[in-house]
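Reading through the structure tokens given below for one structure.
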Protein chains: 2
Amino acid sequence: MTVKVQSKGEQTRKRIMDLAQDAVLQKGFAATSIEEIIVEAGITKSGFFYHFRDKNDLAKAMLQRYLDDEWTVFDRLFKQADALSEDPLHSFLIFLKLFADLMADLPNGHPGCLVASYVYSEHLFSRDVRTMTTEGHLIWRKRFGERLRLIAERYPTQTELDLDDLADMLSAVADGGIILAKSLHDPTLLPKQILLYRNLIKATFLE
Amino acid sequence: MTVKVQSKGEQTRKRIMDLAQDAVLQKGFAATSIEEIIVEAGITKSGFFYHFRDKNDLAKAMLQRYLDDEWTVFDRLFKQADALSEDPLHSFLIFLKLFADLMADLPNGHPGCLVASYVYSEHLFSRDVRTMTTEGHLIWRKRFGERLRLIAERYPTQTELDLDDLADMLSAVADGGIILAKSLHDPTLLPKQILLYRNLIKATFLE
DNA sequence: TGCAAAACCAAACCATGAGTACAGCACTTG
DNA sequence: CAAGTGCTGTACTCATGGTTTGGTTTTGCA
């Protein structure tokens, strides 16, 4: 367990981003004011503008951090799963179980997907932020797609099937599951949806 | 084909809502200003406030209309499907195909789900609007769930399976598919996701 | 044709919110 | 200890945006 040594500045920067992210996931980016963030963070406006050039800069930094975090989380889960089975299919199934468990363990449910939130306010952000959301989704497609291709090699399916679509479906089920879980105030919904996706994978490759 | 006779007022009201909905799906509700709407609609602010008590009132009216529209669309698709097969499973499979086709025929792809958009800015709206989004999702669960229960009666599954979860999954896949399609600028993505859900249904009940 | 109701307009109000200018404090490195 | 640099505070600007008040036109209908 490495404890990052954070300078005071890094700490405030992180605090700003944490608070901002919570607010954005509840009200959307546009409705989240710098004012409210700095009040909660216990700093002043100049403090904010020292750390971020403007609001869009904050949006970008948050998104980058979010994508990085997701990446490392999935990395960990995949490594865990790979350690438990050599077989690509079973490893993927284990991964999905781990993923579902992780989502089930979030005390108040998943707070929301920042990428999804951004997509529904796309027109607010600069071009580079928008391409980041696109790239984020493409990376997941690639990542899950790779796994699926390894599986398909060993477990040939009868029906024609686009593996990229199947990879996308995990993102879709997760994003959709988060929305439903929020809307229905039911944190158990997301993990259950992931397990249904797992069923599809099983049914697809195990006949 | 009944053509609704709309008074001038009803026409402007509709125009406002159309423009607002487009804007909201692109930028979110908070970032959509009354100003821009009235400019596009060719009216003034007072014109707007004649039709809507306040901005939240507009949000509510838009959501109600959206839910009603969705309801009638699904109604039509279900009726069409039921006319083509007596069997609940096949009827549902036909319905899913029709649904996918409908989504595929949208020239620029699905513009976005208003409910999903609202969920990611929940904290902006009054309580009644928020309960409307919840109710909306519950209605879909009920509607799809009913169909699935009819299917399950005739096609018993071996594995334990919560049909409400399976019903929710259609909403999740749709909402998630819309997000992905928007993010990746690929209108074909949504219908493909629906067809993958259809595969799951087939695999589940036809072994 | 006249008149009430419906539909709309003009102009202001007030709050909020993004962003700036600039001064001041607290490190920490030469 | 001097000088920079990282960070915070005060005090503004300027634009936007939701909402109100009080009037004017247009429309449907008796």
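These numbers come from a predicted model, not from an experiment. Residue numbers start from 1 in every chain, and the chains themselves are labelled A, B, ... in the order their sequence lines are given, proteins ahead of strands.
- Proximity of A:Leu170 to A:Leu96: side-chain heavy atoms (C-beta onward) are separated by under 4.5 Å at one or more points.
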Would you list the protein and nucleotides 10-12 of chain C atom pairs, both N or O, that sit under 3.5 Å from each other?
unit_1 : atom_1 : unit_2  : atom_2 : d
C:dA10 : N7     : B:Ser46 : OG     : 3.1
C:dA10 : N6     : B:Ser46 : OG     : 2.8

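- Between A:Ile38 atom CD1 and C:dG17 atom P there is a gap of 10 Å when expressed in whole angstrom units.
- Note on residues 129-145 of chain A: pairs passing salt bridge (charged side-chain N to carboxylate O under 4.0 Å, His left out), not counting sequence neighbours, are A:Asp75-A:Arg143, A:Arg141-A:Asp168.
- Aromatic pair B:Phe99/B:Phe74: centroids less than 6.0 angstrom apart.
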Would you please test B:Asp164 and A:Lys192 for salt bridge (charged side-chain N to carboxylate O under 4.0 Å, His left out) and show each step? CA-CA 11 Å; B:Asp164 277 343; A:Lys192 287 194 284 193; over 6 Å; no
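- Of the candidates D:dT8, D:dT19, C:dG19, C:dG19 carries the atom nearest the A:Ile34 side chain, counting heavy atoms from C-beta on.
- Atom C1' of nucleotide C:dG19 and atom CG of A:Asp54 are separated by 9 Å, given to the nearest angstrom.
- Residues of residues 24-33 of chain B that place a heavy atom closer than 4.0 Å to DNA chain D, in numerical order, are B:Thr32, B:Ser33.
- Each of A:Tyr50 and A:Gly42 was matched to the nucleotide of DNA chain D holding its nearest heavy atom; the match closer to the 5' end belongs to A:Tyr50.
- Under the rule for a salt bridge (Lys or Arg N to Asp or Glu O under 4.0 Å), A:Arg53 has no partner lying at least two apart in sequence or in another chain.
- Atom NZ of A:Lys55 and atom P of C:dG17 are 9 Å apart (whole Å).
- In terms of phosphate contacts, A:His51 brings a side-chain nitrogen or oxygen within less than 4.0 Å of OP1 or OP2 of D:dT8.
- Every residue was checked against the salt bridge (Lys or Arg N to Asp or Glu O under 4.0 Å) condition with A:Glu70, not counting sequence neighbours, and none meets it.
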Could you go step by step and tell me if B:Val129 and B:Glu122 meet the side chain to side chain contact (heavy atoms under 4.5 Å, CB included) rule? CA-CA 9 Å; B:Val129 172; B:Glu122 255 195 335; over 6 Å; no
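- For B:Glu146, there are no side-chain hydrogen bond (donor to acceptor under 3.5 Å, both in side chains) partners two or more places apart in sequence or in a different chain.
- We find that CZ of A:Phe49 is positioned 17 Å from P of C:dC22, with the value rounded to whole Å.
- Spacing between atom CZ of B:Arg53 and atom P of D:dT21 amounts to 15 Å, rounded to whole angstrom units.
- For the pair A:Ile37 CD1 and D:dT8 P, the computed distance is 15 Å after rounding to whole Å.
- Using a 4.5 Å heavy-atom threshold, the side chains of B:Asp175 and B:His137 count as touching.
- In this structure, CD of B:Glu35 is placed 15 Å from C1' of C:dC13, rounded to the nearest angstrom.
- Residue B:Asp57 contributes atom CG, which lies 14 Å from atom P of D:dG18 at whole-angstrom precision.
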